[in-house]
Amino acid sequence: EVQLVESGGGLVETGGSLRLACKASGFTFDDDSYGIGWFRQVPGKEREGLSCLNTIEQFPSYVDSVKGRFIVSSDNAKNTVFLQMNDLKPEDTGVYYCGARAFLSCHGYIHPRGMDYWGKGTPVTVSS
C-alpha cells in the first residue's frame with residue numbers, strides 16, 4: 001500500500017525559507033518509477049500543481065509562479081522527496097500536499113487529477 005506523509009510546514013515571514021518533506025512507503029525510489037508532485041491548496045480554490053519529480057528520471061518541473069524560488073529534490077535512500085521553498089511570499093500560504101502516480105513523467109503542468117495517492121498535507125503560513 002502506497003502511503004505519503006508530508007512534514008516541514010510552519011509559519012515563516014515574507015522572504016523566509018522552509019523545506020517540506022514527503023516520505024513515501026509502499027514502493028522504492030531506486031527501483032520503481034513514480035512521479036511525485038507537490039501541490040498547494042487554499043480555502044475556496046482548487047488544488048494547484050507546483051512541482052514534480054520522477055523517482056527514476058529525476059527531471060524536475062515547476063509551475064511558473066515558483067520557478068527560481070522552489071527546488072524539488074529527492075533522497076532515494078530515504079524514499080523522500082523534498083521541496084525547498086525560498087523567498088516565500090504571502091501568496092504561498094496554503095496547505096501543501098504531495099501526490100504520487102506510478103510511471104508518471106513530470107513534463108509540463110502536473111494536474112492534481114493525475115495523482116493516485118495523496119498525503120494529508122502540511123500547512124504553510126507566510127506572514128507579511
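Hydrogens, waters and symmetry mates play no part in the numbers below; they use all other heavy atoms, side chains included.
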Q: Evaluate whether atom OH of Y109 has more than 12 neighbouring non-hydrogen atoms of other residues, nucleotides or ligands under 6.0 angstrom away.
A: yes
(Q) Determine whether W38 and L20 satisfy the following criterion, side chain to side chain contact (heavy atoms under 4.5 Å, CB included), listing intermediate values before the conclusion. (A) CA-CA 10 Å; W38 283 101; L20 307 183; 3.6 Å; yes
Q) side-chain hydrogen bond (donor to acceptor under 3.5 Å, both in side chains) with E48: which residues, sequence neighbours excluded? A) R40
(Q) In this structure, would F27 and I56 fall into the same cluster of hydrophobic residues linked by side-chain contacts under 4.5 Å? (A) no
Q: State, to 0.1 Å, how close S51 and L83 come at their nearest heavy-atom pair, and which atoms those are.
A: CB-CD1, 4.2 Å
Q | Carboxylate-amine/guanidinium contact K89 D92, below 4.0 Å | A | no
Q: Could you tell me which non-hydrogen atom of S105 sits nearest to which non-hydrogen atom of E57, and how far apart they are?
A: OG-OE2, 2.8 Å
Q.
Taking side-chain hydrogen bond (donor to acceptor under 3.5 Å, both in side chains) as the definition, give me every residue that meets it alongside S127, ordered by chain and number, with sequence neighbours left out.
A. none
Q: Give a yes or no on this: more than 12 heavy atoms of other residues, nucleotides or ligands lie within 6.0 Å of atom CD of E46.
A: no
Q: Could you tell me which non-hydrogen atom of T122 sits nearest to which non-hydrogen atom of G9, and how far apart they are?
A: OG1-N, 3.0 Å
Q) Where is the tightest heavy-atom contact between G94 and V42, given as atom of each residue plus distance? A) CA-CG1, 3.9 Å
Q. Are I36 and V124 connected in the hydrophobic side-chain network, where two residues link if heavy atoms are under 4.5 Å apart?
A. yes
Q) Checking side-chain contact (heavy atoms from CB on, under 4.5 Å) against P60, which of N54, V81, V72 comes through? A) V72
Q: Search all heavy atoms of S33 against all heavy atoms of T55 and return the closest pair with its distance.
A: CA-OG1, 3.6 Å
(Q) Quick check: is L104 connected to L53 through a chain of hydrophobic side chains (ILVMFWY, heavy atoms under 4.5 Å apart)? (A) no
Q. Looking at A24 and L4, what are the two nearest heavy atoms and their distance?
A. CB-CD2, 3.7 Å
Q: For the pair R101 (side chain) and G114 (backbone), establish whether a donor and an acceptor sit closer than 3.5 Å, ignoring hydrogens and angles.
A: yes
Q: Might you work through the side chain to side chain contact (heavy atoms under 4.5 Å, CB included) test for Y96 and L50, ending with a clear yes or no?
A: CA-CA 10 Å; Y96 283 68; L50 302 176; 3.4 Å; yes
(Q) Do S74 and N76 pair up side chain to side chain, a donor and an acceptor below 3.5 Å, judged on atom types alone? (A) yes
Q: Spell out, as yes or no, whether a donor-acceptor pair under 3.5 Å connects the side chain of E13 to the backbone of S128.
A: no
Q. Can I110 be reached from W118 by stepping across I, L, V, M, F, W or Y side chains whose heavy atoms are under 4.5 Å apart?
A. yes
Q: Go through the side-chain N and O atoms of S25 and N79 and say whether any donor and acceptor fall under 3.5 Å apart.
A: no
(Q) Grouping I, L, V, M, F, W and Y whenever their side-chain heavy atoms are under 4.5 Å apart, do I71 and L18 come out in a common cluster? (A) yes
Q) Within a strict 4.5 Å, meaning less than it, do heavy atoms of the V95 and F39 side chains meet? A) no
Q) Is there a donor-acceptor pair under 3.5 Å between the side chain of T80 and the backbone N or O of K78? A) yes
Q) Going from OH on Y34 to CZ on F29, what distance comes out if it is rounded to the nearest 0.5 angstrom? A) 10.5 Å
**Q.** Axial cation check for Y97 ring with R47, 6.0 Å and 45° limits
**A.** yes
Q: Apply side-chain hydrogen bond (donor to acceptor under 3.5 Å, both in side chains) to Q84 and list each qualifying residue two or more places apart in sequence or on a separate chain.
A: N86
